[in-house]
Amino acid sequence: MTNLEIARIFSEIADILEIKGENPFKVRAYRRVTQLLESLPQSVEEIYKAGKLSELPGIGASIAEKIKELLETGKLSYYEELKKDVPPGLLEMLKIPELGPKTVSLIYNTLGISTIQELEKAAREQKLRKLKGLGPKTEENILKGIEFIKGREERIPLHEALTLAEDIITYLKEKCPINRISYCGSLRRRKETIGDIDILVTSPQPLKVMDVFTSLPQVEEVLAKGTTKSSIVVTGRRQVDVRVVGEESYGAALHYFTGSKSHNIRIRELGVKKGLKINEYGIFRKETEERVGGIEETEVFHWVDLPYIPPELREDRGEIEAAQRGELPTLIELEDIKGDLHIHSKWSDGANTIREIALAARERGYEYIGISDHSQTLKVAGGLSKEDFYKRLEEIRKVDEEIKGIKIFAGIEVDILADGSLDYPNELLKELDIVIASIHSGFKQDMETMTRRILKAIENPYVDIIGHPTGRLLGEREAYQVDMEKIMKAAKETGTALEINAYPNRMDLNDTYCRMAKEMGVKLVINTDAHHILQLDWIKYGVWTARRGWLEKKDVLNTFPTQEFFSLLKKKL
DNA sequence: GCCGTTTTCGGCCCGACTGTTTTCAGTCG
């Protein structure tokens, strides 16, 4: 049983307990362990076998026992029992905005409604407003909420959310007096997908900000409008929240709205132990209510005796403990990247010539690039015939000679074919400086076959890098089944690097695998897979993913200067 | 259900907004 499968069960247990009105802290315990399992780099099964389950934070005797039962029998009697009390439709109903466990429970217990369809019917027939605490407005909101979840994508990619947030910020800055402004939430933490967008503002005219915000050109619906907080739905069914605070509170609010929720809870708990109250307005002494800080975000950490923790780490995945031990990683920065090795040119399906790419990269301050076009089998993407292979190689060498101030490596993105062999023979591969091997076909093979296939590529002495190692496309295609632990072991043994593909709908490896790679001592490379020189900018998505995976400069090969970088690639036979 | 150099029992983060209420519960982040 995988970590995610177990996490799913615990998450459902938390939902059921909530509907049943159980102790909220018990619910929290299950939510916490869900999160832990979702982001755990190692398999929980391995940890269990090593007898170290209880060492994980948030796993005590009771949950450890449940994990054991799940791993050994594939079932959990406690969960099976719980499910008897609560129809599955109620859990679906929880996903409707503004509809929480109390209301769901009330509706179920009084009207016997247990599916969204029944709920919708009852709302239309105005039966809900008869219940205590519910009225016509709630009824209307429930109907809207049902429409809302029908129509929207669960989460949008980081790239899309970033563009939307930046547009809104630019607009607000133009139309109202604003001192400080930032997007917060999972966007600032650079999660690969974003639910809602949160924007924090300080302004001498908060009401004006509310007015402008709720009348943005892209507004489809205003969910709430207050004096300091408003929520809207914009085109594309995305919810955006804005919050205005005083200047003295900006830092505290920035921390608060950046989250994650569980990180915040941990920080506030530390505050309580020190006799402090920490909220979005500032840091206060509990006894006297005296304000001791809040202007800058760093003050929040200072007052609970921690060094600054970058937003990308704030997931309660051990960053607070690491900070307390003084062992926070010095995260890689965008400026650390010295080159991009996975760029497509006109020779395959890219939009630019080698010369254009080299000039654009030099402009960015890169020291080197790799031109890595597709190999022959990938005809849909202009894969290079053997003849073109040599012509292109010749051009790369020529342009490299002509353009000073940047080294152009001759690369390739060679296909790993269905049987694990490569799309070019070694005689061709050895002509190149850098070989990236990737999978572009046969995604549905079973885990064993797929793993063997990649291992075979890793064992090829000419393969330096495995490109987009899990093959996922966010919102389009799941990662293929693969035994990542085996792959990473082999990568380490052979000195093969794994790619963090920064293309916005890939971000592959993901953050959790980045961290696993680091812990296993595997070399990593961040590349854009750019098909146009404008896409060279997308390197930031790779760097952000790396940061979420706790990576430092030294963990990523293309932070090293040209000669050193080249010497760190796999040693050829 | 978890957790502990002030605790093995009694705590467990904090506030805004809405809709239903005449002072607050539910939901959300």
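Just so we're clear, the structure is a prediction, and the values are computed from it rather than from any experiment. Lettering of chains follows the sequences in order, A, B, ..., and the numbering in each one begins at 1.
- Here A/K261 lies in heavy-atom contact (under 4.0 Å) with a base.
- The side chain of A/K102 sits closest to B/dG26 out of B/dC13, B/dG26, B/dG1.
- Residue-level contact check: A/L94 touches neither bases nor backbone, having no heavy atom under 4.0 Å from any strand.
- Nucleic acid contact for A/T227: sugar-phosphate only, since backbone atoms but no base atoms lie under 4.0 Å from a heavy atom of the residue.
- Counting only heavy atoms from C-beta on, A/K26 has its side chain closest to B/dG1 among B/dG15, B/dG26, B/dG1.
- Within 3.5 Å, a donor on the side chain of A/N23 pairs with an acceptor on the base of B/dG1, or the reverse.
- At B/dC28, none of the side-chain N or O atoms of A/S231 fall inside 4.0 Å of OP1 or OP2 (strictly under the cut-off).
- Within the 4.0 angstrom heavy-atom criterion, only backbone atoms of the sugar-phosphate kind lie near A/T228; the bases stay farther away.
- In this entry the base of B/dT22 is anti relative to its sugar, with a glycosidic angle more than 90° from 0.
- Side-chain contact annotation: A/Y541 with A/E192, donor-acceptor N/O pair under 3.5 Å absent.
- Heavy atoms of A/P136 sit under 4.0 angstrom from primed sugar atoms or phosphate atoms, though from no base atom.
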Check against side-chain hydrogen bond (donor to acceptor under 3.5 Å, both in side chains), A/T258 and A/R188: CA-CA 6 Å; A/T258 297; A/R188 183 158 179 255; 2.8 Å; yes
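- Here A/Y30 lies in heavy-atom contact (under 4.0 Å) with sugar-phosphate atoms only.
- In terms of heavy atoms, A/S262 sits closest to A/Q35 at OG-OE1, 3.0 Å.
- For the residue pair A/D198 and A/F257, the shortest heavy atom distance occurs at OD2-O, 4.3 Å.
- Across all strands shown, A/K132 has no heavy atoms under 4.0 Å from either base or sugar-phosphate atoms.
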